[in-house]
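Read through the structure below, which is laid out as structure tokens, and then see the notes.
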Amino acid sequence: MKIISANQFMMHNRHNLDLTQQGVALDDTVKSIIDKVRKEGDNAVKEFTELFDDAVIDKLTVSDSEMEKAKNMVGDQFVESLQLAAKNIEAFHRNQQETSWFTDNPNGITLGQKVTPIEKVGIYIPGGKANYPSSVLMNAIPAKIAGVSSISIATPPRPNGSINPYVLVAASLIGVNRIYKMGGAQAIAALSYGTETVEKVYKIVGPGNTYVARAKKWVYGDVAIDMIAGPSEICIIADESANPSYVAADLLSQAEHDEEASAICITTSSTLANEIAAEVTKQLSELERREIAQKSIQNKGCIILANSEKQAFDLANQIAPEHLQLMVSNPSAKLSLIKNAGAIFLGPFSPEPLGDYLAGPNHTLPTSGTAKFSSPLGVYDFIKRSSIISYSKQALLEVADTIDCLARTEGLKGHAMSIQIRRDSVL
Ligand SMILES: NC(=O)c1ccc[n+]([C@@H]2O[C@H](COP(=O)([O-])OP(=O)(O)OC[C@H]3O[C@@H](n4cnc5c(N)ncnc54)[C@H](O)[C@@H]3O)[C@@H](O)[C@H]2O)c1
Ligand SMILES: N[C@H](CO)Cc1c[nH]c[nH+]1
Ligand SMILES: [Zn+2]
């Protein structure tokens, strides 16, 4: 793993931003997939599924018998683990529930905000390079708590046309309405615009690779999206108190997701930097997904040698990583230095995978620097708010002249008339 200075990192990043050709090619691919699915519906989805997932699909939906078969394929330990994770995720997300509120004033004015669940939601569950039953829990549980009545899952099929049984069992545990065998940009397009089989949804949530993340960006506006939740990222700020083997393991935990994943460590200690680099090499050789992790470490991984603690935190805020681990002494005292991160893990015994599976907070998190303005997925992503305004006759008469003045100033006589007609009818 390369060790570079903060300046080298900044230069490299600037250089990377200039490499827009890659982004343009990705956009062209994604846009052409979306257009074809809009025009040709199911047939296009099936064509892309054959091309990208190597699977020939007859029916796009998972049948009841496939669900039953999946339940017989998974072991008790998995189901028990899933149940414990679900319990923690539900308990955490219940705190995010929002309710309608109304303010009643004595002069006949009632104002308020009505909270309504979004009716139809599509959840993308990745499935290209790994299987993510945990993402089913992370996305479907907050949707259920919010009261979404129609939940559709889209996830890519395996080459034999089936869906991973662990994903199906997780979906059955939470109770979703339908599961579609489709992945990538074609799934995002089908959920956004509908096809003969796929029901159009109002909002799409869930993580995915660069094709999925980019497709969500392109359909935004025709449907809502949660955020850009693309290839996984971890940034670890470590000081001399950190155990290099823990740091290396945590970096690799995210590198193994995808060649496009990013694993970065920032430290002021060159001794620690060398120890972490050596550990990464050692632990890489023990990984099953060695090739993916190795490419990710080569492409996007680095250890940055900062010249001060302030520079370390400034850099982390600039990167705005999906996951930020503080492997420093007294980590909670440093929380106030962090402005941008999807999830923050404090101390040596709060490693990132704890959050991926079990702790309770959501693992669907903003990537690519979007933690500067986005939050983790939550119950709040599955609701919308409507304002409530109710005035009595008397209350309206008292403000009629004020509204009249403002409306006429804007040159909107129709607005003024709407008030005047009421005032004149009661005077
Ligand atoms: N940010 C988060 O919250 C979060 C959470 C979990 C996982 N992730 C990320 O999700 C991603 C999962 O990726 P994955 O690949 O395993 O599954 P995926 O389901 O996201 O992607 C697989 C799909 O990508 C499409 N695809 C692949 N190659 C293509 C090509 N050349 N042209 C067009 N389309 C192509 C195919 O349609 C395929 O079905 C990883 O990057 C992981 O790090 C992120
Ligand atoms: N680390 C991923 C989010 O970037 C979530 C995940 C699911 N399973 C394992 N990891
Ligand atoms: Zn992970």
Side-chain angles (χ1 to χ4, degrees), residues 90 92-123 139 141-151 191-194 199-205 216-229 320 336 338-340 342 361-362 364-366 369-427:
E90 184 180 341
F92 178 85
H93 287 82
R94 286 243 172 249
N95 295 313
Q96 296 174 340
Q97 264 172 302
E98 213 174 291
T99 49
S100 302
W101 55 265
F102 300 93
T103 58
D104 260 331
N105 298 303
N107 51 358
I109 300 172
T110 302
L111 300 175
Q113 195 166 266
K114 180 181 176 304
V115 172
T116 316
I118 296 176
E119 270 177 78
K120 299 177 184 187
V121 167
I123 297 177
N139 285 264
I141 289 175
K144 281 280 183 185
I145 293 174
V148 175
S149 53
S150 173
I151 302 177
L191 288 170
S192 305
Y193 303 108
E199 190 176 291
K200 175 184 162 42
V201 300
Y202 301 152
K203 183 162 185 172
I204 299 175
V205 302
K216 279 169 72 182
K217 193 170 164 178
W218 280 111
V219 296
Y220 175 68
D222 290 333
V223 282
I225 62 164
D226 49 352
M227 70 187 92
I228 302 298
S336 61
I338 301 164
K339 289 189 213 140
N340 308 316
N362 213 285
T364 306
L365 296 163
T370 59
K372 284 178 183 144
F373 49 80
S374 294
S375 309
L377 187 77
V379 175
Y380 38 73
D381 281 295
F382 296 97
I383 56 134
K384 60 204 179 58
R385 304 163 191 90
S386 304
S387 303
I388 306 291
I389 300 169
S390 170
Y391 266 52
S392 67
K393 188 202 293 177
Q394 189 52 37
L396 182 68
L397 286 181
E398 279 171 23
V399 293
D401 288 346
T402 310
I403 300 170
D404 188 77
C405 164
L406 293 171
R408 275 183 295 124
T409 306
E410 288 189 351
L412 299 174
K413 196 154 178 246
H415 290 60
M417 279 291 284
S418 152
I419 304 298
Q420 274 168 13
I421 206 160
R422 287 173 169 77
R423 186 182 54 193
D424 296 347
S425 74
V426 292
L427 282 183

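This one's a predicted model, so the numbers in the text were calculated from it and none came from an experiment.
Judged purely by atom type and a 3.5 angstrom limit, Gln113 has no side-chain atom pairing as donor or acceptor with the backbone of Arg385. The backbone N or O of Tyr193 sits nowhere less than 3.5 Å from a side-chain atom of Lys200 that would complete a donor-acceptor pair. In this structure, Asn362 contributes its side chain and Thr364 its backbone to a donor-acceptor pair below 3.5 Å. Panel note: side chain Ser100, backbone Val115; a donor-acceptor pair is recorded below 3.5 Å.
For the pairing with Asp226, the salt bridge (charged side-chain N to carboxylate O under 4.0 Å, His left out) check across Lys216, Lys217, Lys203 returns one residue only, Lys216.
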Checklist entry - What's the verdict on side-chain contact (heavy atoms from CB on, under 4.5 Å) for Ser192 and Ile204, showing C-alpha distance, side-chain angles and the deciding distance? => result CA-CA 8 Å; Ser192 305; Ile204 299 175; 3.3 Å; yes
Next on the checklist: Working note: Glu410 + His415, criterion side-chain contact (heavy atoms from CB on, under 4.5 Å); need CA distance, chi angles, decisive distance, verdict.
Outcome noted: CA-CA 10 Å; Glu410 288 189 351; His415 290 60; 6.0 Å; no
Next on the checklist: For a side-chain contact (heavy atoms from CB on, under 4.5 Å) check, start with the C-alpha distance between Asn107 and Gln394, then their side-chain angles and the critical distance, and finish with the verdict.
Outcome noted: CA-CA 8 Å; Asn107 51 358; Gln394 189 52 37; over 6 Å; no
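Note that CZ of Arg422 and CD1 of Ile403 are 10.0 Å apart. Values are rounded to the nearest 0.5 Å. One distance of note links CD1 of Ile109 with CG of Asp104; it measures 10.5 Å at 0.5 Å rounding. One distance of note links OG1 of Thr103 with CD1 of Ile388; it measures 11.0 Å at 0.5 Å rounding. Atom CD1 of Ile383 and atom CD of Glu98 lie 4.0 Å apart (nearest 0.5 Å). Separating the CD1 atom in Ile145 from the CD atom in Glu90 is a distance of 5.0 Å, to the nearest 0.5 Å. Interatomic distance, Asp404 CG to Lys413 NZ, rounded to the nearest 0.5 Å: 10.0 Å.
Taking a 6.0 Å sphere around NZ of Lys372, one finds it holds more than 12 heavy atoms contributed by other residues, nucleotides or ligands. Tyr220 OH: 12 or fewer foreign heavy atoms inside a 6.0 Å radius.
Taking every heavy atom of both residues into account, Gly342 and Pro376 meet most closely at O-CG, 3.5 Å. Residues Met227 and Leu377 share a closest heavy-atom pair of CE-N, 3.4 Å. Nearest heavy atom pair, residue Arg423 against residue Ala400, reads CD-CB, 4.1 Å. Annotation for Arg408 and Ala416: closest pair CG-CB, 4.1 Å, computed over non-hydrogen atoms. Nearest heavy-atom pair across Ala143 and Ile151 is CB-CD1, 3.8 Å. Between Ala320 and Ala371 the shortest heavy-atom distance is O-CB, 3.6 Å.
In this structure the side chain of Phe102 never reaches within 4.5 angstrom of the side chain of Ser390, judged on heavy atoms. Side-chain contact between Val201 and Val121: absent, with no pair of heavy atoms (C-beta onward) separated by less than 4.5 Å. The shortest distance between side-chain heavy atoms of Pro117 and Phe382 does not fall below 4.5 Å.
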